[in-house]
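Written below as structure tokens is the structure these notes are about.
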Amino acid sequence: MSTSPPLSFGVILYPGFQALDVFGPLDALNTLALTSRPPLTLSLISSTLSPVSTKPPGALSPPSFAFTESVVPTHTYATAPPLDVLLIPGGLGVRDISSPPIQDAIAFTARVYPGLKHLITVCTGSVVAALAGVLDGRRATTNKSAWEWVKDTAARGGSTARWVPRARWVVDGNVWTSSGVSAGLDVVFAWIAQVFGEDEARRVADVLEYERHVDPSWDPFAELYGLSNDEA
């Protein structure tokens with residue numbers, strides 16, 4: 001694997017993605033990119049170039065639900081450029097696991113992973129990586145309120161991931177997986193610290209006025225949801 005710094009970033013988008021899973025890490029990376037030399041590039045990637053809404057699809061969304069945001073992709077899975085880093089968010093939309101948008105995301109992840117320097121998942125985005133085969137034999141974590149669903153869905157799809165129940169984030173090789181939603185900020189700051197240096201991670205956090213969790217084992221939500229200490 002090349003030791004040159006990662007420059008090309010991509011984010012997967014699908015209907016019903018969790019807003020903070022995307023915008024939290026991206027705001028940290030936006031701030032990092034303001035002073036990065038060489039410059040960083042970002043691709044927002046989906047099945048089509050149509051706006052992608054945070055509204056959960058179909059029966060996952062209440063009939064009158066209208067409080068949503070939409071993001072316009074810059075690339076489709078067919079036109080995405082070579083990437084150094086891929087971020088996969090979670091969200092209610094991933095629960096529609098057999099839908100074309102999620103199947104497209106799984107296929108894209110499986111196809112591009114061998115060329116990535118780093119893969120980062122937030123929340124239930126880990127199930128996309130698991131079903132893409134990326135987590136086979138690796139330690140990983142996910143949203144604790146969705147723990148059983150992620151673990152069982154991944155296993156039914158043939159994944160041999162080793163799920164870590166008590167972790168804010170887990171690093172195994174070049175794969176970074178985080179717990180639920182807000183944990184995406186902590187995993188991306190930990191990633192920045194490793195790749196760009198602790199001073200840079202601290203600087204970006206100070207700009208955002210964000211108090212980081214720096215202990216990857218900090219996880220009060222595992223206790224909240226009654227998870228054991230045993231890997232599964």
Side-chain angles (χ1 to χ4, degrees), residues 1-15 17-54 69-91 101-102 104-123 125-126 128-129 132 134 169 171 173-178 183-208 210 212:
M1 183 178 295
S2 172
T3 57
S4 59
L7 302 176
S8 177
F9 292 71
V11 177
I12 282 177
L13 299 173
Y14 53 81
F17 71 90
Q18 183 76 28
L20 191 61
D21 288 14
V22 171
F23 301 130
L26 279 188
D27 212 13
L29 294 172
N30 286 345
T31 305
L32 174 71
L34 283 171
T35 57
S36 177
R37 297 292 181 272
L40 309 181
T41 63
L42 174 64
S43 300
L44 304 174
I45 311 166
S46 192
S47 298
T48 73
L49 293 179
S50 298
V52 183
S53 174
T54 56
E69 305 81 39
S70 293
V71 176
V72 179
T74 59
H75 296 82
T76 68
Y77 295 125
T79 64
L83 301 172
D84 294 324
V85 182
L86 180 64
L87 175 75
I88 308 175
I102 303 304
D104 288 349
I106 293 169
F108 177 76
T109 302
R111 176 165 61 85
V112 303
Y113 172 71
L116 297 176
K117 292 180 178 178
H118 305 273
L119 177 74
I120 303 171
T121 74
V122 181
C123 193
S126 57
V128 173
V134 172
W169 71 88
V171 184
N174 67 341
V175 178
W176 300 63
T177 56
S178 81
L185 272 165
D186 290 323
V187 73
V188 84
F189 275 116
W191 179 85
I192 291 171
Q194 177 167 308
V195 176
F196 292 90
E198 175 59 31
D199 288 347
E200 189 68 351
R202 187 180 302 114
R203 181 191 69 80
V204 172
D206 287 346
V207 169
L208 299 186
Y210 180 71
R212 298 158 55 196

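Using a 4.5 Å cut-off on side-chain heavy atoms (C-beta onward), Asp84 and Leu116 make no contact. Using a 4.5 Å heavy-atom cutoff, the side chains of Val71 and Phe23 are in contact. Taking 4.5 Å as the limit, some side-chain heavy atom of Tyr113 sits within range of a side-chain heavy atom of Val175. Residues Pro6 and Val195 have side chains in contact (heavy-atom distance under 4.5 Å, counting atoms from C-beta outward). Using a 4.5 Å heavy-atom cutoff, the side chains of Pro15 and Pro101 are in contact. Here the side chains of Gln194 and Trp176 are in contact, with some heavy-atom distance below 4.5 Å.
Applying the salt bridge (Lys or Arg N to Asp or Glu O under 4.0 Å) criterion to Glu198, with sequence neighbours excluded, gives Arg202, Arg212. Applying the ring-ring contact (aromatic ring centres under 6.0 Å, His included) test to Tyr77 and every residue at least two apart in sequence or in another chain returns Phe108. Applying the ring-ring contact (aromatic ring centres under 6.0 Å, His included) rule to Phe9 yields the partners Trp191; only residues at least two apart in sequence or on another chain are considered.
Contact between Val85 and Ile120 at its shortest, heavy atoms only, is CG1-CD1, 4.1 Å. Minimum interatomic distance between Pro38 and Ser36 (heavy atoms only, all atoms of both residues): O-OG, 3.0 Å. For the pair Tyr14 and Gly91, the tightest heavy-atom approach, listed with the atom from each and the gap, is OH-N, 3.4 Å. In terms of heavy-atom proximity, Val122 sits nearest to Ser178 at CA-OG, 3.3 Å. Minimum interatomic distance between Glu200 and Thr35 (heavy atoms only, all atoms of both residues): OE2-OG1, 3.6 Å.
Proximity of a side-chain donor or acceptor of Lys117 to a complementary backbone N or O of Leu7 within less than 3.5 Å is not detected. At distances below 3.5 Å, at least one donor-acceptor pair connects side-chain atoms of Thr109 with backbone N or O atoms of Ala105. Side chain of Thr54 to main chain of Glu69: a donor-acceptor pair is present (N/O by atom type, distance under 3.5 Å, no hydrogens or angles). In this structure a side-chain-to-backbone donor-acceptor pair under 3.5 Å is present from Ser8 to Pro82.
Interatomic distance, Leu87 CG to Thr121 OG1, rounded to the nearest 0.5 Å: 8.5 Å. Note that the OG atom of Ser126 and the CD1 atom of Ile88 stand 9.0 Å from one another [nearest 0.5 Å].
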List the atom pairs, with distances to 0.1 Å, where a side-chain N or O of residues 39-48 and a protein N or O form a donor-acceptor pair under 3.5 Å, not counting sequence neighbours.
from: Ser46; atom 1: OG; to: Leu13; atom 2: O; distance (Å): 2.9
from: Ser47; atom 1: OG; to: Asp104; atom 2: OD2; distance (Å): 2.7
from: Thr48; atom 1: OG1; to: Ser50; atom 2: N; distance (Å): 3.1

I'd like a table of donor-acceptor pairs (distance under 3.5 Å, sequence neighbours excluded) in which one partner is a side-chain atom from residues 24-33, with atom names and distances.
from: Asn30; atom 1: ND2; to: Leu26; atom 2: O; distance (Å): 3.4
from: Thr31; atom 1: OG1; to: Asp27; atom 2: O; distance (Å): 3.0

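Annotation: salt bridge (Lys or Arg N to Asp or Glu O under 4.0 Å) contacts involving residues 183-193, sequence neighbours excluded, comprise Arg168-Asp186.
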